[in-house]
Amino acid sequence: MEPLIQLDNIRAAYDKNVVLNQVNLTVHANDFIGIIGPNGGGKTTLLKIILNLIQPLSGRIIKSDSVNIGYLPQVNTIDKQFPVTIKDVILSGRFATDKWWKRANKEQLNRVDELLEFIGLDRSHNVPIGELSGGQMQRVFLCRALISKPNLLILDEPNTYVDKTFEANLYNLLGELNEQMAILLVSHDVGTISSMVKTIACVNGGLHYHPSNKITNEILQSYNCPIELVSHGHVPHRVLKHHDHE
Ligand SMILES: Nc1ncnc2c1ncn2[C@@H]1O[C@H](COP(=O)(O)OP(=O)(O)OP(=O)(O)O)[C@@H](O)[C@H]1O
């Protein structure tokens with residue numbers, strides 16, 4: 001089957017600071033790719049290239065005509081003071097496919113209810129997003145990413161603010177969604193995602209693709225992706241150290 005997205009020899013920079021070099025990646029329908037890498041390794045930049053938010057210096061991005069992307073940005077990039085309601089936020093995800101002047105139709109309005117139920121968020125549509133916790137905001141933005149029925153869902157650190165009880169639910173939901181769509185999931189937390197994803201892309205200036213979800217120390221070290229243990233609160237996490245060779 002034709003790939004949804006193909007990145008071919010991508011090079012990307014901010015001013016003259018090259019952050020991605022010789023990056024190749026192919027995404028097929030129903031892939032579930034975990035994108036891991038150290039802070040500053042270029043994960044978000046890679047997503048922005050796929051989303052056409054920044055242009056690469058060189059290389060090609062080939063997208064299938066059928067690709068429809070839903071995107072969950074990092075929640076810390078979202079302005080909580082912006083005076084919009086849960087419903088406004090979710091419906092704004094329509095503009096991935098609808099023209100901006102089109103009013104939401106009945107089906108889309110119903111879908112807001114369905115998505116809030118799917119995500120287990122028991123809050124009224126008309127609650128301003130400023131009243132939500134970080135985890136609740138993240139759920140609302142996941143609904144926003146899903147409103148246009150994407151066949152490729154891109155998530156940037158979806159578990160940052162999610163409370164522990166919802167975290168397991170989130171992973172179950174992503175498993176369900178993966179039956180209908182490909183998923184690219186960015187995290188710098190190796191341990192958390194390895195049980196969910198099917199394959200791994202390690203991004204640190206370059207991109208090393210592991211066609212399996214088994215992240216052993218040997219694999220990481222053979223690609224010069226050394227991990228270290230860090231502690232967030234009481235829970236130790238395996239994360240990637242910065243790669244010195246690139
Ligand atoms: N808008 C920007 N202007 C200049 N430099 C940037 C910009 N955005 C990112 N960078 C730099 O590009 C490099 C890659 O950043 P990027 O956000 O893609 O990494 P990341 O792997 O997503 O990091 P993190 O895990 O911390 O989110 C970093 O050195 C970062 O400082």
Side-chain angles (χ1 to χ4, degrees), residues 1-7 24-37 43-44 46-51 61-75 90 93-94 96-97 108 111-121 135 137-203 207-215 219 238:
M1 212 208 280
E2 180 196 29
L4 294 173
I5 304 257
Q6 240 178 309
L7 302 182
N24 297 298
L25 181 69
T26 304
V27 183
H28 292 98
N30 302 100
D31 275 354
F32 195 158
I33 305 177
I35 300 178
I36 59 173
K43 302 180 293 297
T44 300
L46 179 73
L47 299 189
K48 287 184 174 168
I49 284 179
I50 293 173
L51 291 160
I61 307 159
I62 305 157
K63 285 189 185 164
S64 152
D65 290 341
S66 70
V67 76
N68 172 17
I69 302 179
Y71 175 45
L72 173 71
Q74 282 188 12
V75 160
I90 297 176
R94 300 178 296 124
T97 49
Q108 289 164 330
R111 196 161 157 73
V112 172
D113 287 323
E114 284 168 22
L115 286 169
L116 285 171
E117 197 182 329
F118 175 69
I119 209 78
L121 189 64
M137 280 256 280
Q138 224 150 8
R139 294 196 224 182
V140 168
F141 275 82
L142 180 56
C143 295
R144 177 183 187 271
L146 293 170
I147 188 93
S148 66
K149 300 189 176 168
N151 56 5
L152 172 58
L153 177 64
I154 296 183
L155 308 155
D156 200 350
E157 301 276 5
N159 50 343
T160 315
Y161 293 99
V162 165
D163 49 88
K164 287 290 154 207
T165 39
F166 183 62
E167 195 167 332
N169 285 348
L170 174 68
Y171 302 150
N172 288 337
L173 295 180
L174 292 182
E176 264 180 60
L177 290 170
N178 185 223
E179 289 168 18
Q180 302 148 40
M181 61 192 77
I183 301 180
L184 291 184
L185 168 61
V186 164
S187 176
H188 60 262
D189 189 334
V190 181
T192 311
I193 63 166
S194 63
S195 56
M196 277 190 291
V197 301
K198 294 173 179 164
T199 60
I200 304 266
C202 178
V203 175
L207 187 153
H208 303 293
Y209 187 74
H210 309 270
S212 133
N213 66 349
K214 303 273 175 297
I215 318 175
I219 289 177
R238 290 196 304 160

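The structure presented is a predicted model; accordingly, all values stated were derived computationally and were not measured.
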message = Please report the interatomic distance CD1(Ile33) to NE2(His28), rounded to the nearest 0.5 Å.
response = 9.0 Å
task = Spell out, as yes or no, whether a donor-acceptor pair under 3.5 Å connects the side chain of Lys43 to the backbone of Ile35.
result = no
query = Where the side chain of Asn213 meets the backbone of Val197, is there a donor-acceptor pair that is under 3.5 Å apart?
reply = yes
inquiry  = Using the rule given for side chain to side chain contact (heavy atoms under 4.5 Å, CB included), can you reason through Ile5 versus Leu184, listing the C-alpha separation, both sets of side-chain angles and the distance that settles it, and then say yes or no?
reply    = CA-CA 11 Å; Ile5 304 257; Leu184 291 184; over 6 Å; no
message = Using the side chain to side chain donor-acceptor pair (under 3.5 Å) criterion, which residues pair with Thr199? Sequence neighbours excluded.
response = Tyr209
note = Closest non-hydrogen contact found for Pro150 with Gly70 is CB-N, 3.4 Å
ask   = For Ile61, which residues count as a side chain to side chain contact (heavy atoms under 4.5 Å, CB included) partner, sequence neighbours excluded?
value = Leu7, Ile10, Ile49, Pro56, Lys63
request  = Given side chain to side chain contact (heavy atoms under 4.5 Å, CB included), test Val140 with Ile90 step by step and report yes or no.
outcome  = CA-CA 6 Å; Val140 168; Ile90 297 176; 3.9 Å; yes
query = Does the side chain of Cys202 come within less than 4.5 Å of Ile36's, by heavy atoms?
reply = yes
query = Got a second to check how far Gln74's CD is from Leu47's CG, nearest 0.5 Å?
reply = 9.0 Å
request  = Report the residues that fulfil salt bridge (Lys or Arg N to Asp or Glu O under 4.0 Å) with Lys198, sequence neighbours left out, ordered by chain and then residue number.
outcome  = none
Side-chain polar contacts of residues 111-119 - donor-acceptor pairs under 3.5 angstrom, sequence neighbours left out - could you list them?
residue: Arg111; atom: NE; partner: Ile147; partner atom: O; Å: 3.2
residue: Arg111; atom: NH2; partner: Leu146; partner atom: O; Å: 2.7
residue: Asp113; atom: OD1; partner: His125; partner atom: NE2; Å: 2.8

key: Full working for side chain to side chain contact (heavy atoms under 4.5 Å, CB included) between Ile200 and Ser212   = CA-CA 6 Å; Ile200 304 266; Ser212 133; over 6 Å; no
Which residues share a side chain to side chain donor-acceptor pair (under 3.5 Å) with Glu2, sequence neighbours left out = Ser64
query = Could you give the distance from CG (Leu152) to CG (Asn30), rounded to the nearest 0.5 Å?
reply = 11.0 Å
ask   = In Å, rounded to the nearest 0.5 Å, how long is the span from CD1 of Ile183 to CZ of Phe32?
value = 4.0 Å
message = Please report the interatomic distance CG(Leu4) to CG(Asp65), rounded to the nearest 0.5 Å.
response = 11.5 Å
ask   = Are any of the side-chain heavy atoms of Leu142 and Pro158 separated by less than 4.5 Å?
value = no
request  = Check whether any side-chain N or O of Gln138 sits under 3.5 Å from a backbone N or O of Leu72 as a donor-acceptor pair, and report yes or no.
outcome  = no
query = Under the 3.5 angstrom rule, does the side chain of Asn151 hit a backbone N or O of Asn68 as a donor-acceptor pair?
reply = yes
ask   = So Ser187 and Glu157, side chain to side chain contact (heavy atoms under 4.5 Å, CB included) or not? Walk me through it.
value = CA-CA 5 Å; Ser187 176; Glu157 301 276 5; 4.0 Å; yes
note = Residue pairs meeting salt bridge (Lys or Arg N to Asp or Glu O under 4.0 Å), one or both in residues 140-153, sequence neighbours left out, come to Glu107-Lys149
message = With rounding to the nearest 0.5 angstrom, report the CG to CG distance, Leu155 to Leu170.
response = 7.5 Å
ask   = Any donor and acceptor pair, going by atom type alone, linking the side chain of Asn178 with main-chain N or O of Asp31 inside 3.5 Å?
value = yes
